[in-house]
Protein chains: 2
Amino acid sequence: MTQATPREAPVGRDRLVREAFVLFAEKGFDSVTVRDIAAASGVSVGLINHHFGSKDGLREAVDEFFIAQFEDAITGAAAHPEATTPEDHAKIIDGWIARHEKDWPTIVAYFRRALLEESDWGFSVFQRFYGFVQSSVMRMDAAGQLAPDVDRLWLPFLMMYLELGTMVFDPYVKRVLGRSGYERDLWQRRHRAYMTLIRRGSSPKRAGL
Amino acid sequence: MTQATPREAPVGRDRLVREAFVLFAEKGFDSVTVRDIAAASGVSVGLINHHFGSKDGLREAVDEFFIAQFEDAITGAAAHPEATTPEDHAKIIDGWIARHEKDWPTIVAYFRRALLEESDWGFSVFQRFYGFVQSSVMRMDAAGQLAPDVDRLWLPFLMMYLELGTMVFDPYVKRVLGRSGYERDLWQRRHRAYMTLIRRGSSPKRAGL
DNA sequence: CGCTGCACTGAACTATTGTTCAGTCTCAAC
DNA sequence: GTTGAGACTGAACAATAGTTCAGTGCAGCG
């Protein structure tokens, strides 16, 4: 309680969260045993329940750890109300990805599993991302950047599918193309393709059919 | 071996596959026990290993059962080389969905898991879907229906993301909107929004900025 | 020095789960 | 009627996993 408490960050707890994060991302929650995690962290099995009460408690801690990383991506984006065009909000996302380049594969893997499991917090991430994209679309609309016949309900979802789909289906793209869509040049091409599609679609200029 | 063998379709085996299909879709392979499946099917636990050798054997049988249903969707689509526009191929998909309306939620759930679990056959479905969409795009291109600056590599993937994203993220859409995106009116709206986006994008007519 | 609190250990415990197998029942074939 | 094959049963088995808990070591404190 006094200020300079000497043991404020139990080393075991910290290691457990980080190692569990990697293992959960790699193999999935059910397929990882507490003994795996303890071994990878170099601690004993008992420590997990000592700190987290149960394996599920550890999962919650890992989820919080993961969300904390996303936090600045979402709130950081919301802190840019001047972002009105798709370019703007895509740039914010790209910036965040660039900052997390090192552990990007692990983040993608964990996120995939979170979506699969339909956990509450997975939904909360989805929901906040939706709020971000949707308000972005509303601003575009207010600025007269949206054609009148565009569906205001579905457009945000479709934009999210393009963004999240890139993430979720990247393992398959990798197997089709032989390389990840997140490799720099491919990613930049995807970026342009996304912009083009959102703005002008795929039909040639002369009156779309 | 003679022609009219009386017990050609063991009732137990059949029920096990169908019930396991539903349970796997609902809760995921790992979360379903052989006892769950046996109880739901009204048979004994031993029967599973009698017919399938192991729980994994049952999974393979369920996968085959599932793929068999998709087979006609893919090959049926490939059997329509006259389909050139996005409308055409969307119509084929819609037709298939309509034919499977009854067990559509289960199919979506199972497919979701297959894609997110990165199973080999999940990839093969992705790959074939890619082949279908990609050749469809190539035909559009040949027919002069593609703007010159559209990225030929990414467009098929982006189109797939819109299609598969609707499927994979539907549970979340359901929680945001309170209804599934596959309910008829929403689905039709999404269909139009998809078409509009693919063809003309979201910008107003007067030269998209 | 003794006390207290806390991180940490690891053997033991318990529940669950996939698998096995000896045996039953049914039905077609001879 | 006997036989054989295959569907089917369910108690028993063995492995695995999450959890418990008595105990250790150490750091701060009076």
Side-chain angles (χ1 to χ4, degrees), chain A residues 1-65 110 113-114 116-117 119, chain B residues 1-65 110 113 117 119:
Chain A
M1 306 308 175
T2 56
Q3 207 182 12
T5 104
R7 47 179 144 205
E8 53 191 73
V11 53
R13 189 191 153 92
D14 227 58
R15 290 213 54 182
L16 280 168
V17 171
R18 288 168 193 279
E19 294 291 346
F21 171 58
V22 174
L23 287 173
F24 289 166
E26 270 173 14
K27 310 205 252 174
F29 181 78
D30 287 334
S31 301
V32 178
T33 71
V34 293
R35 286 169 181 78
D36 289 339
I37 302 166
S41 308
V43 299
S44 68
V45 274
L47 194 60
I48 288 174
N49 283 23
H50 172 68
H51 280 306
F52 308 102
S54 67
K55 190 188 177 188
D56 267 300
L58 173 56
R59 164 192 242 155
E60 284 170 33
V62 173
D63 281 350
E64 279 166 29
F65 170 74
Y110 197 84
R113 295 195 182 277
L116 169 65
E117 284 164 9
S119 59
Chain B
M1 307 306 176
T2 56
Q3 206 180 11
T5 105
R7 47 177 144 204
E8 53 190 75
V11 53
R13 189 193 152 92
D14 226 56
R15 291 213 53 183
L16 280 169
V17 170
R18 287 168 194 278
E19 295 290 347
F21 170 57
V22 174
L23 288 173
F24 289 167
E26 270 173 13
K27 310 204 252 174
F29 181 77
D30 286 335
S31 301
V32 179
T33 70
V34 293
R35 284 169 182 78
D36 289 340
I37 303 166
S41 308
V43 299
S44 69
V45 273
L47 194 61
I48 288 174
N49 283 19
H50 172 68
H51 280 307
F52 309 102
S54 66
K55 191 189 175 188
D56 267 299
L58 172 57
R59 165 193 240 155
E60 283 170 33
V62 173
D63 281 348
E64 279 168 28
F65 168 74
Y110 197 84
R113 292 192 182 277
E117 279 171 9
S119 61

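Numbers restart at 1 for each chain; the letters A, B, ... are given by sequence-line order, proteins then strands.
- With rounding to the nearest 0.5 Å, the separation of CZ in A/Phe29 from CG in B/Asp30 is 11.5 Å.
- Between the P atom of D/dT19 and the NZ atom of A/Lys55 lies a distance of 8 Å, rounded to the nearest Å.
- Scored by the salt bridge (charged side-chain N to carboxylate O under 4.0 Å, His left out) test, B/Arg59 finds B/Asp56, B/Glu117 as partners (sequence neighbours excluded).
- Rounded to whole angstrom, the span from the CG atom of A/Asn49 across to the C1' atom of D/dG18 amounts to 7 Å.
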Would you list the protein and nucleotides 8-12 of chain D atom pairs, both N or O, that sit under 3.5 Å from each other?
from: D/dC8; atom 1: OP1; to: B/Gly12; atom 2: N; distance (Å): 3.1
from: D/dC8; atom 1: OP2; to: B/Gly12; atom 2: N; distance (Å): 3.4
from: D/dC8; atom 1: OP2; to: B/His51; atom 2: NE2; distance (Å): 3.0
from: D/dT9; atom 1: OP2; to: B/Ser44; atom 2: N; distance (Å): 2.7
from: D/dT9; atom 1: OP2; to: B/Ser44; atom 2: OG; distance (Å): 3.1
from: D/dT9; atom 1: O5'; to: B/Ser44; atom 2: OG; distance (Å): 3.4

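- Remark: C1' of C/dT17 and CG of B/Asp56 are 13 Å apart, rounded to the nearest angstrom.
- Relative ring orientation between A/Phe21 and A/Tyr110 is described as tilted, the plane-to-plane angle lying within the 30° to 60° band.
- Here B/Glu64 pairs with nothing under the side chain to side chain contact (heavy atoms under 4.5 Å, CB included) rule; sequence neighbours left out.
- Computed from coordinates, the B/Ile48 CD1 to D/dA7 P distance equals 15 Å when rounded to whole Å.
- Spacing between atom CD1 of A/Ile37 and atom C1' of D/dT19 amounts to 14 Å, rounded to whole angstrom units.
- Counting to the nearest Å, the P atom of C/dT19 and the CZ atom of B/Phe52 are 13 Å from each other.
- For A/Ala39, there are no side chain to side chain contact (heavy atoms under 4.5 Å, CB included) partners two or more places apart in sequence or in a different chain.
- Under the side chain to side chain contact (heavy atoms under 4.5 Å, CB included) criterion, B/Ser119 pairs with B/Ala114, B/Trp121, not counting sequence neighbours.
- Mapping A/Gly53 and A/Thr33 onto DNA chain D by nearest heavy atom places A/Thr33 at the nucleotide closer to the 5' end.
- Of the residues in residues 22-31 of chain A, none has a non-hydrogen atom less than 4.0 angstrom from any atom of DNA chain D.
- Distance, B/Asp36 CG to C/dG18 C1': 13 Å, rounded to whole Å.
- Applying the side chain to side chain donor-acceptor pair (under 3.5 Å) criterion to B/Arg18, with sequence neighbours excluded, gives B/Asp14.
- For the side chain to side chain contact (heavy atoms under 4.5 Å, CB included) test, no residue two or more places apart in sequence or in another chain qualifies with A/Glu60.
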Side chains of residues 41-53 of chain B: which donor-acceptor partners sit under 3.5 Å, not counting sequence neighbours?
from: B/Ser41; atom 1: OG; to: B/Ile37; atom 2: O; distance (Å): 2.8

